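I have a structure I would like to understand better, so I am pasting it below and will then ask my questions one at a time.
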Amino acid sequence: MTSVLLVVLYWGSKVASSATHEVPYSTFLSYLEQGKLEQVEVTEQWVRGQVKAALLDSDKTTLDYVIARRVPIDIAEQLNRYGVTFRQGGNNQTSTDWVSWIWPWIFFYILWRWIAARSQILGGRKGLGSALGIGRSGARVYMERVTGVRFEDVAGVDEAKAELQEVVDFLKFPDEYGRLGARMPKGVLLVGPTGTGKTLLARAVAGEANVPFFSISGSEFIELFVGVGAARVRDLFEQARSHAPAIIFIDELDALGKTRSGNGFSGGHEEREQTLNQLLVELDGFDPRVGVILLAATNRPEILDPALLRAGRFDRQVLVDRPDRLGRLAILKVHTQRITVEANLNLDAIAAITVGLAGADLANIVNEAAINATRRKASSVALEDFTQAVERTIAGIEKRHRVINPSEKKTIAYHESGHALVALALSGTDKVHKVSIIPHGIGALGYTLQRPSEDRLLLRRQEMLHRMAVLLGGRVAEQMVIGDISTGAADDIARATDMARSMIIRYGMDDDLGCIAWGDRHPWTEKSTPWVSWQSPSIDSPETAKRIDQAIQSWIQKAYTLAQKVLKANELIFHQVAQALLEKETLNEDELQHLTLGLKILPDEAAATLSPLQSL
């Protein structure tokens with residue numbers, strides 16, 4: 001094959017190097033008269049003359065050959081007169097022109113046949129990877145010295161680290177773990193919300209195991225050509241087996257392992273399903289004694305194919321959840337080691353106001369705090385920098401230069417005061433950390449920042465009612481003071497409605513409708529709060545749907561009435577807080593405590609445990 005290519009290239013270069021120029025017949029005759037030609041080839045239509053070699057050496061621009069179309073004159077007598085050798089020849093110029101035109105096509109055809117013979121399209125085992133890399137897995141190989149991440153660099157996910165530490169020990173000490181007959185798990189699936197450190201944990205495994213670590217994203221398997229994804233899966237596992245013991249890490253597994261179509265007309269999903277089938281085959285063919293472990297991560301396990309999740313393929317499913325308060329404190333300690341902080345900085349206070357944030361969010365807050373301290377020319381990062389960073393993450397960028405007319409500013413001040421007063425007067429709500437009427441983010445004209453006193457995993461029905469009342473406190477305040485309502489409560493109303501709907505169709509908290517889950521269930525949710533938005537219920541009976549709508553409306557009305565009771569019972573303090581906001585624009589926790597001395601705390605009402613369909 002190589003020799004054929006060389007011959008074709010040589011012949012093409014030879015033809016190209018013989019530069020031929022067509023000239024008028026009179027010019028050709030003048031070349032004859034001047035003695036520039038040493039040999040002439042005569043055909044039925046053309047005469048072709050070779051320029052003398054002496055002229056080529058002296059004039060680099062002179063062409064090798066000149067050619068002219070014949071005219072009906074007796075050229076033989078002229079050739080004899082000037083003493084030029086001539087001969088009658090065939091039409092060789094046509095064949096030469098044909099070869100010079102066709103040889104590039106021959107070359108590309110032979111090259112394509114050479115590539116296609118090794119491609120997956122023609123049934124080759126190795127696919128296009130041997131030539132163009134299309135069938136190769138493209139996995140990046142990391143070793144301990146490359147990733148630079150160890151388990152001590154990952155905090156807040158101790159349970160997940162313990163699970164993965166066993167995987168590392170299996171690879172390092174197979175005899176110790178196999179002395180009682182235990183086998184190494186074939187696959188470990190890391191499951192959890194975004195930003196919780198799944199990929200960081202995988203990199204830490206690479207740093208700890210000191211074995212080849214193949215890292216690839218699930219989307220990198222899918223290509224335009226059918227069969228390429230399956231070829232890449234085969235190539236990836238073949239590479240891992242050749243370097244065993246080794247670890248394969250597939251990030252964003254949901255891009256590859258979605259549930260397959262139930263019918264035979266999968267259409268454009270055929271390539272993805274073939275790739276998934278090949279992955280299942282490779283997992284089944286795993287020999288635990290070889291020492292290859294598959295590690296994968298996803299934040300959408302509910303869409304993964306059940307065949308992929310069964311035991312024997314992914315033997316372990318490790319939850320990497322959002323950290324609790326101690327976990328957040330540990331994460332902050334890791335990230336604050338890279339910046340200069342005050343000696344007496346209270347990281348626990350920062351962990352307390354970052355409930356629900358993941359590790360990536362905390363890393364961003366530490367970086368924003370360092371930037372804020374640099375901006376104010378400070379020598380170290382203080383607690384106020386972290387507080388501003390948290391506010392920026394939650395509420396958005398502060399917009400002090402936005403002009404707000406006095407009427408709207410008054411509405412915003414009473415709106416936020418309503419939120420704060422209701423939160424301070426009811427049990428089961430989070431502490432108010434800060435209230436501001438300075439615009440933030442895209443649409444927030446003000447905000448009330450609440451700080452949970454502890455991590456909550458369960459909420460009682462009365463506590464959820466109180467939280468809905470806090471959300472509706474802004475709308476109630478507007479109606480009480482301004483005498484009208486505005487669009488500023490749109491997000492509050494939506495969140496309160498979602499909570500009421502979840503109480504009824506998900507948690508079975510309505511006495512009239514009973515303990516029945518009316519909505520479509522999801523086995524997984526990314527949100528840590530227990531009142532996530534529930535899907536529209538799949539209910540065949542219109543009467544049941546009507547009862548659910550009435551129950552939602554009744555719970556919202558009950559929360560609204562509760563907020564009215566709070567603000568009317570503390571009307572004087574309510575006006576004081578609003579006036580202070582108009583003057584200072586921002587009130588912190590200490591200032592709020594001073595302004596709300598003598599606040600009437602409403603006791604837990606027995607009516608809160610009754611059906612909301614009963615009148616208040």
Side-chain angles (χ1 to χ4, degrees), residues 140 142-165 168 190 192-210 213 215 217 249 251 295 297 299 318 320-398 433 449 451-452 455 528:
R140 297 170 294 280
Y142 294 107
M143 298 295 287
E144 176 187 7
R145 62 181 180 275
V146 177
T147 62
V149 180
R150 306 297 294 270
F151 276 146
E152 56 262 26
D153 300 322
V154 184
V157 285
D158 295 336
E159 295 82 1
K161 285 199 298 184
E163 294 280 346
L164 294 177
Q165 182 62 58
V168 173
L190 302 178
T194 57
T196 53
K198 299 184 293 296
T199 304
L200 185 65
L201 271 172
R203 294 181 61 195
V205 170
E208 293 284 346
N210 197 22
F213 183 84
S215 175
S217 174
F249 175 61
D251 200 5
L295 197 63
N299 55 3
V318 180
V320 187
D321 206 353
R322 288 185 174 91
D324 56 12
R325 183 167 181 169
L326 293 178
R328 293 192 299 273
L329 179 60
I331 293 173
L332 289 171
K333 288 180 179 179
V334 170
H335 290 295
T336 52
Q337 291 176 357
R338 305 166 187 169
I339 64 175
T340 304
V341 298
E342 288 185 344
N344 58 347
L345 179 65
N346 187 4
L347 292 178
D348 187 65
I350 304 172
I353 62 175
T354 53
V355 175
L357 298 185
D361 301 320
L362 296 173
N364 183 56
I365 286 174
V366 171
N367 184 62
E368 288 291 340
I371 293 174
N372 188 68
T374 304
R375 188 183 300 119
R376 63 184 182 88
K377 309 297 182 183
S379 59
S380 61
V381 185
L383 180 61
E384 61 177 306
D385 299 311
F386 283 95
T387 303
Q388 292 183 15
V390 172
E391 293 174 6
R392 178 167 183 168
T393 302
I394 296 175
I397 302 175
E398 190 177 84
H433 179 62
L449 178 62
R451 183 182 69 183
D455 292 306
S528 60

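Every value quoted in this text rests on a predicted model; they were computed, and no experiment measured them. In what follows, residues are counted from 1 in the order of the sequence shown.
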- request: List for me each residue that meets side chain to side chain contact (heavy atoms under 4.5 Å, CB included) alongside A162, sequence neighbours excluded, and say none if there are none.
  value: none
- prompt: Do V381 and T340 come within less than 4.5 Å of each other through their side chains, counting heavy atoms only?
  reply: no
task: Taking the side chain as every heavy atom from C-beta outward, state whether E159 and D321 have any pair of such atoms under 4.5 Å apart.
output: no
query: G359 and I331: which non-hydrogen atoms are nearest, and at how many Å?
result: CA-CD1, 4.0 Å
query: side-chain hydrogen bond (donor to acceptor under 3.5 Å, both in side chains) with T354: which residues, sequence neighbours excluded?
result: R328
- request: Return the set of residues passing side chain to side chain contact (heavy atoms under 4.5 Å, CB included) with L326 (not counting sequence neighbours), or none when no residue passes.
  value: D324
Smallest separation among heavy atoms of L332 and A351, with atom names: CD1-N, 3.8 Å
- request: For residues F386 and L345, determine if any side-chain heavy atom of one lies less than 4.5 Å from a side-chain heavy atom of the other.
  value: yes
- prompt: Given V318, which of L295, V157, L190, L201 fulfils the side chain to side chain contact (heavy atoms under 4.5 Å, CB included) condition?
  reply: L190
field: Note, L357 side chain near R322 side chain (heavy atom, < 4.5 Å)
entry: no
Inter- and intrachain pairs under salt bridge (Lys or Arg N to Asp or Glu O under 4.0 Å), touching residues 344-372, at least two apart: R325-D348, E368-R392
Of all pairs that satisfy salt bridge (Lys or Arg N to Asp or Glu O under 4.0 Å), the ones with a partner from residues 330-340, not counting sequence neighbours: none
task: Measure across I339 and A370 and return the closest heavy-atom pair with its distance rounded to 0.1 Å.
output: CG2-CB, 4.0 Å
- prompt: So, K198 side chain and P193 main chain: donor-acceptor pair closer than 3.5 Å or not?
  reply: yes
task: Decide, yes or no, whether a salt bridge links R376 with D385 under the criterion of side-chain N to carboxylate O below 4.0 Å.
output: yes
- prompt: With D251, which residues qualify under side-chain hydrogen bond (donor to acceptor under 3.5 Å, both in side chains), at least two apart?
  reply: T199
